[in-house]
Student: 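So that we are looking at the same thing, I have put the structure below in structure tokens.
We name chains A, B, ... by the order of the sequence lines, and we start the count at 1 in each one. Because the structure is a prediction, the values reported are computed rather than measured.
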There are 2 protein chains.
Amino acid sequence: MTNSCSEEASILYTLYCINKQISSKFESCIGMSQSRHDILQQLYQVDEISQTELQKKVNIDSAAITRHLKQLEAVEMILRRKNPEDNRFTLVCLSDHGRKKINSYQAEKARFVTLVFKDFKEEERQELMDMLTRIQNNISQV
Amino acid sequence: MTNSCSEEASILYTLYCINKQISSKFESCIGMSQSRHDILQQLYQVDEISQTELQKKVNIDSAAITRHLKQLEAVEMILRRKNPEDNRFTLVCLSDHGRKKINSYQAEKARFVTLVFKDFKEEERQELMDMLTRIQNNISQV
DNA sequence: CATCAATAGTTGATGCATCAATTAATATAC
DNA sequence: GTATATTAATTGATGCATCAACTATTGATG
């Protein structure tokens with residue numbers, strides 16, 4: 001363990017490493033970043049949605065959303081238009097072509113996720129999720 | 001849970017979120033990124049070390065190491081010199097001034113870490129660490 | 001209804017990481 | 001001992017996230 005003295009610090013460091021490793025493997029397996037996959041996933045589940053709404057769901061900066069969507073638009077995965085009732089809003093939806101491609105991404109993601117949690121029993125996953133949620137609560141109070 | 005269908009995917013997403021939250025809070029609490037803190041921490045524990053050796057310990061790209069160290073050198077936290085026995089190596093060490101500052105960082109980090117794991121019992125931490133390690137092994141085989 | 005506030009989206013600057021290509025020094029092999 | 005391979009460090013291009021500043025649109029208030 002390279003990080004430090006305390007056991008807690010080691011856990012923190014491991015979390016940090018795991019995340020880096022997951023990001024990296026995710027991208028090489030699925031062919032896009034977790035964030036971008038998440039955006040597409042959200043779009044898949046709705047008909048049309050405003051950027052702000054989308055931003056709240058995927059929990060990344062609105063500037064980042066803009067940039068992702070511009071690129072996705074450029075490769076014709078998505079379509080954008082102004083909301084005619086309120087021109088401040090931009091409505092986003094998957095293109096037909098985009099919607100089709102996502103199925104294959106989903107399959108690959110499912111496979112990936114299964115590998116990450118190989119040999120985890122249901123109750124262990126439950127426990128892990130509980131602990132992570134507790135950590136999340138702790139952090140939010142820092 | 002915004003990410004997806006399966007329970008595993010939710011855990012993955014939570015990991016991803018936690019990491020973002022931790023990074024952000026870490027930086028606002030300690031005043032530097034986790035990586036940079038880690039670099040300084042490593043330097044604190046040795047007298048002098050080559051960049052490559054350091055790179056292996058903190059587990060980030062050597063290009064990133066170079067850039068971190070340049071900045072740390074600019075603010076006179078560290079010193080660098082060529083290894084006289086082999087001019088390919090650059091040896092790095094903390095400046096006196098740097099070494100002094102790190103004590104306060106350590107205290108702050110300890111406080112931070114304690115908050116993150118508030119209400120975790122020793123055996124829970126142990127369990128968490130075990131599970132994270134297993135995940136790490138799984139990933140490395142993907 | 002004119003001004004002021006709030007909201008959505010965009011852009012620019014910055015930080016940090018990666019990979020690929022390059023430079024410089026040293027080691028190896030014939 | 002000269003050509004070749006290896007190694008350490010650096011640099012440039014790129015990706016992705018953040019914050020802060022700005023534009024454009026709409027809402028609210030006097």
Student: Atom CD of A/Q55 and atom C1' of C/dA8: how far apart are they, to the nearest Å?
Tutor: 10 Å
Student: Report yes if a side-chain nitrogen or oxygen of B/R80 is closer than 4.0 Å to either non-bridging phosphate oxygen (OP1 or OP2) of D/dA8; otherwise report no.
Tutor: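 For D/dA8, neither OP1 nor OP2 has a side-chain N or O of B/R80 closer than 4.0 Å.
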Student: Do the side chains of A/E122 and A/R125 get close enough for a salt bridge, i.e. N-O under 4.0 angstrom?
Tutor: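 Judged by the 4.0 Å cut-off on N to carboxylate O distance, A/E122 and A/R125 do form a salt bridge.
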Student: Using a cut-off of 4.0 Å on non-hydrogen atoms, how would the nucleic acid contact of A/T90 be classed: base, sugar-phosphate, or nothing?
Tutor: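 Sugar-phosphate only.
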Student: Let me confirm one number: the CD1-SG distance from B/I22 to B/C17, rounded to the nearest 0.5 Å.
Tutor: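 Separation between the atoms: 11.5 Å.
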Student: Can you confirm whether more than 12 heavy atoms, excluding those of B/E48, are under 6.0 Å from its CD atom?
Tutor: yes
Student: Rounded to the nearest Å, what distance is computed from the CG atom of residue B/L54 to the P atom of nucleotide D/dT10?
Tutor: 12 Å
Student: Does D/dA8 have OP1 or OP2 sitting under 4.0 Å from an N or O in the side chain of B/N87?
Tutor: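 No, outside the criterion.
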Student: Within a reach of under 6.0 Å around CD of B/E76, are more than 12 heavy atoms found that belong to other residues, nucleotides or ligands?
Tutor: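 Not buried by this count: 12 neighbours or fewer within 6.0 Å.
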Student: Whole angstrom is fine here: how far is it from CZ in A/R88 over to C1' in C/dA8?
Tutor: 7 Å
Student: Provide, to the nearest angstrom, the distance between the NZ atom belonging to A/K82 and the P atom belonging to C/dG9.
Tutor: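 One finds 8 Å between P of C/dG9 and NZ of A/K82, rounded.
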Student: In this structure, how many angstroms lie between the P atom of C/dA24 and the CZ atom of B/F89, rounded?
Tutor: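 After rounding, the reported distance stands at 18 Å.
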Student: Who is the Watson-Crick or G-U wobble partner of D/dG30, with both distances under 3.5 Å?
Tutor: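 Checking every strand shown, D/dG30 finds its partner in C/dC1, with both distances under 3.5 Å.
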Student: Nearest 0.5 angstrom please: A/I18 CD1 to A/K25 NZ, how far?
Tutor: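 Between A/I18 CD1 and A/K25 NZ, I get 13.5 Å after rounding to 0.5 Å.
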Student: Please report the distance, rounded to the nearest Å, between CG in B/D86 and P in C/dT28.
Tutor: 11 Å
Student: Is there a side-chain contact between B/Q51 and the phosphate of D/dT10, meaning an N or O under 4.0 Å from OP1 or OP2?
Tutor: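 For D/dT10, OP1/OP2 do have a side-chain N/O of B/Q51 under 4.0 Å.
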Student: Using a distance-only test with no angle check, is there a side-chain donor-acceptor pair under 3.5 angstrom linking A/N103 and A/Y44?
Tutor: yes
Student: Working to the nearest 0.5 angstrom, can you tell me the gap between B/K118 NZ and A/N137 CG?
Tutor: 9.0 Å
Student: Strictly under 4.0 angstrom, non-hydrogen atoms only: write out the protein contact profile of nucleotides 13-21 of chain C, one letter per nucleotide from the 5' end, B, S or -.
Tutor: B--SSBB--
